[in-house]
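Atom set for the values below is all heavy atoms of this structure, side chains included, hydrogens, waters and symmetry mates excluded. The structure presented is a predicted model; accordingly, all values stated were derived computationally and were not measured.
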Amino acid sequence: MAVDASTAPSAVVRREIETVWNDDDLDMIDDLVADEFAYHNPMIDEPIRGPADYRTLVENFRGAVPDYEMRVEEMISDGEIVATRFRAMGTQERPLLDIEPTGAEIDITGMLFDRIEDGKLVERRVNDDAFGLLRQLGVVDRQPF
């Protein structure tokens, strides 16, 4: 049986990053995110669940950093799991994480671990440079070590 390359796990993740995060095409969330989706990030107390709440998360973040760009630097796929190393850049122009607009340019790195089922994201675990983000926004003024 032939595999549809467009629903291969790495293709789904890459398309979600490019369309939702980089192109701000939030309508693609319905096509790429499963109803049972869970988004985990240490900076958020509780997981974000479902396409509607994920859309709100993206709207809030992209609203604060409208020129946000996520670059895939490396992607490894093993079955339904996709690991992505990324670099994200942009300028904070509106409140973000209760931090008033700073006009600061952000440039952070991170990793995504996604689980894909039936051509849709069902789970995302984010591990990014939260300390670096807060330092670049002026919330933290020292190096960690």
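To the nearest 0.5 Å, atoms CZ (F61) and OG1 (T56) are separated by 15.0 Å. To the nearest 0.5 Å, the span separating CG on N127 from CG on N41 amounts to 8.5 Å. Atom CG of residue N60 and atom CZ of residue R55 lie 12.0 Å apart, to the nearest 0.5 angstrom. Between M70 atom CE and N22 atom CG the span is 7.0 Å, to the nearest 0.5 Å. A distance of 7.5 Å separates CD1 of I116 from CZ of R124, quoted to the nearest 0.5 Å. Remark: E93 CD to D67 CG distance equals 6.0 Å, nearest 0.5 Å.
In plain terms, the two heavy atoms of V126 and P42 that are nearest each other are O-CD, 3.2 Å. Q92 and L137 make their closest contact through OE1-CD2, 3.3 Å (heavy atoms, listed as atom of the first residue, atom of the second, distance). The heavy-atom pair separating S77 from V82 by the smallest distance is OG-CG2, 3.9 Å. T91 and P66 get closest at one heavy-atom pair: O-CD, 3.9 Å.
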Derivation and outcome, side chain to side chain contact (heavy atoms under 4.5 Å, CB included), residues R125 and L112: CA-CA 6 Å; R125 294 187 178 272; L112 307 173; over 6 Å; no

Step-by-step salt bridge (Lys or Arg N to Asp or Glu O under 4.0 Å) determination, E73 to R71: CA-CA 6 Å; E73 299 205 332; R71 291 186 191 159; over 6 Å; no

Derivation and outcome, side chain to side chain contact (heavy atoms under 4.5 Å, CB included), residues V72 and I17: CA-CA 8 Å; V72 173; I17 290 169; 3.8 Å; yes

Derivation and outcome, side chain to side chain contact (heavy atoms under 4.5 Å, CB included), residues F86 and D128: CA-CA 9 Å; F86 69 88; D128 55 16; 4.0 Å; yes

CA sep, side-chain torsions, deciding dist, call: L97, L133, side chain to side chain contact (heavy atoms under 4.5 Å, CB included): CA-CA 11 Å; L97 304 170; L133 173 66; 4.1 Å; yes

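Atom CD of E69 has more than 12 neighbouring heavy atoms from other residues, nucleotides or ligands inside a 6.0 Å radius.
For the pair E16 and R14, the salt-bridge criterion is not met [side-chain N within less than 4.0 Å of a carboxylate O]. Using a 4.0 Å cut-off between charged side-chain N and carboxylate O, R87 and D107 make a salt bridge.
Donor-acceptor pairing under 3.5 Å is lacking for the side chains of R49 and Y54. Looking only at atom types and distance, the side chain of T109 has no donor-acceptor partner in the side chain of D129 under 3.5 Å away.
Clustering ILVMFWY residues whenever any of their side-chain heavy atoms sit less than 4.5 angstrom apart, transitively, puts M43 in the very cluster that holds Y68. In the hydrophobic clustering of ILVMFWY residues, with side-chain heavy atoms under 4.5 Å counting as a link, V58 and V122 come out apart. Note on F113 and I44: separate hydrophobic clusters, where clusters join Ile, Leu, Val, Met, Phe, Trp and Tyr whose side-chain heavy atoms are under 4.5 Å apart, directly or indirectly.
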